[in-house]
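Position 1 is the first residue of the sequence, and the numbers go up from there.
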Amino acid sequence: MRRHYAVLLRRAASLPSLPLVASLHAAALRRGAVLAASLIHAYSACGDLASARNLFDELPPRDRTLSARTALASAMSAHGRCREVLDLFAGLAEEEMDDKAVTAVLAACARAGMVDEGRRVFATVRRRPALQHYTCMVEMLGRAGEVEEAERLVARMGARPDRVICAVLLAACRVHGRVDVAGRVHGLMRRYGIA
């Protein structure tokens, strides 16, 4: 039943149809299905951040799962409420954060220009950071004009760079007029066969 509602919510979010999301929410409640993350995403996709936030706030503490927090963090970030994202994860230990949660926080830091906060979050990733974490950091540093720091970060990451991270770094080079760094990024792309 939960899976069925989750599929329907994804479809309603892709339309986006707020009346359909609201009716699916009501039907899920009647049947006792807890689909917080899917509902938060669907409300956000329909532009109704207030309903997404209210849904999360009304959840019992045991249902405020990491996936629900991450869904709300992504929704808040997409709607420009990036500074509030950090509060959603306050009190959680670093071990409780998964890759998606860290990515949501770093993306919010990048959008809001919260460079110091982003650096702090990135430094807390105990295991090897994922490529999407590096990409968020490069975007954040690039937006802040810290193009050389972003380049150094790409150079020392353990993973092979991909087209996305190179494009993000090149965009920062263009915005800040860093032709020298752009030349080195193009060399890196040639070395790894990135088109």
Passes side chain to side chain contact (heavy atoms under 4.5 Å, CB included), Met97 versus Val105? Steps please.
CA-CA 10 Å; Met97 301 274 286; Val105 173; 4.1 Å; yes
Between Thr103 and Asp99 (side chain of the first, backbone of the second, donor and acceptor by atom type, cut-off under 3.5 Å), is there such a pair?
yes
Tell me whether Leu92 shares a hydrophobic cluster with Val125, the cluster being built from Ile, Leu, Val, Met, Phe, Trp, Tyr side chains joined at under 4.5 Å.
yes
Run the salt bridge (Lys or Arg N to Asp or Glu O under 4.0 Å) test against Arg178 and tell me which residues pass, sequence neighbours left out.
Glu148, Asp180
For Ala42 and Ala13, which heavy atoms make the closest approach, and how far apart are they?
CA-CB, 3.7 Å
Side chain to side chain contact (heavy atoms under 4.5 Å, CB included) between Met157 and Leu131: does it pass, once the steps are laid out?
CA-CA 8 Å; Met157 65 184 207; Leu131 186 58; 3.5 Å; yes
Val138 and Tyr192: same hydrophobic cluster, using ILVMFWY side-chain contacts below 4.5 Å?
yes
Specify the closest pair of heavy atoms between Leu66 and Glu96, including all atoms of both residues, with the distance to one decimal.
CD2-O, 3.0 Å
Nearest heavy-atom contact between Ile165 and Asp162 is N-OD1, 2.9 Å
Is the shortest side-chain N to carboxylate O distance from Arg120 to Asp116 below 4.0 Å?
no
On a heavy-atom basis, which atom in Val154 and which in Pro161 lie closest, and how many Å separate them?
CG1-CB, 4.4 Å
Does the ring of Phe56 carry Arg64 above it, NZ/CZ under 6.0 angstrom from centre and within 45° of its axis?
yes
Mark yes when over 12 heavy atoms from residues, nucleotides or ligands other than Arg128 sit less than 6.0 Å from its CZ; otherwise mark no.
no
Listing, residues 80-88 side-chain donor-acceptor contacts under 3.5 Å, not counting sequence neighbours, or none:
unit_1: Arg81; atom_1: NE; unit_2: Glu84; atom_2: OE2; d: 2.6
unit_1: Arg81; atom_1: NH2; unit_2: Glu84; atom_2: OE1; d: 2.9
unit_1: Arg81; atom_1: NH2; unit_2: Glu84; atom_2: OE2; d: 3.4

Gap separating the CG atom of Leu24 from the CG atom of Leu39, nearest 0.5 angstrom:
8.0 Å
So, Ser74 and His41: side-chain donor and acceptor under 3.5 Å apart, yes or no?
no
Are side-chain heavy atoms of Arg53 and Tyr43 found at a separation under 4.5 Å?
no
Would Leu55 and Leu72 count as a side chain to side chain contact (heavy atoms under 4.5 Å, CB included) here? Give the steps.
CA-CA 10 Å; Leu55 186 148; Leu72 185 57; over 6 Å; no
Below 4.5 Å, heavy atoms only, C-beta onward: do Cys173 and Val179 meet side chain to side chain?
no
Note: Gly158 and Tyr134 closest approach over all heavy atoms is N-OH, 4.1 Å
Would you say Asp48's side chain and Ser44's backbone share a donor-acceptor pair under 3.5 angstrom?
no
Whether Glu149 side chain and Glu146 backbone form a donor-acceptor pair below 3.5 Å:
no
Minimum heavy-atom separation for Met189 and Cys166, please, with both atom names.
CG-SG, 3.6 Å
Expected output: side-chain Ser23 to main-chain Leu20 donor-acceptor under 3.5 Å
yes
List for me each residue that meets side-chain contact (heavy atoms from CB on, under 4.5 Å) alongside Cys46, sequence neighbours excluded, and say none if there are none.
Pro16, Leu18, Val21
Using modelled atom types and a 3.5 Å cut-off, is there a donor and acceptor pairing between side-chain atoms of His176 and backbone atoms of Gly142?
yes
Report the C-alpha separation of Phe122 and Val102 in whole Å, then their side-chain angles, then the decisive distance to 0.1 Å, and conclude whether the side chain to side chain contact (heavy atoms under 4.5 Å, CB included) test is met.
CA-CA 8 Å; Phe122 188 75; Val102 172; over 6 Å; no
Value rounded to 0.5 Å, distance of CG in Leu188 from CD1 in Ile194:
6.0 Å
Value for OG1 (Thr135) from CG (Leu106), rounded to nearest 0.5 Å, stands at 10.5 Å
Rounded to the nearest 0.5 Å, how far does CZ of Arg143 lie from SG of Cys109?
11.5 Å
Could you give the distance from CG (Leu153) to CZ (Arg119), rounded to the nearest 0.5 Å?
10.0 Å
Do Met140 and Met137 come within less than 4.5 Å of each other through their side chains, counting heavy atoms only?
yes
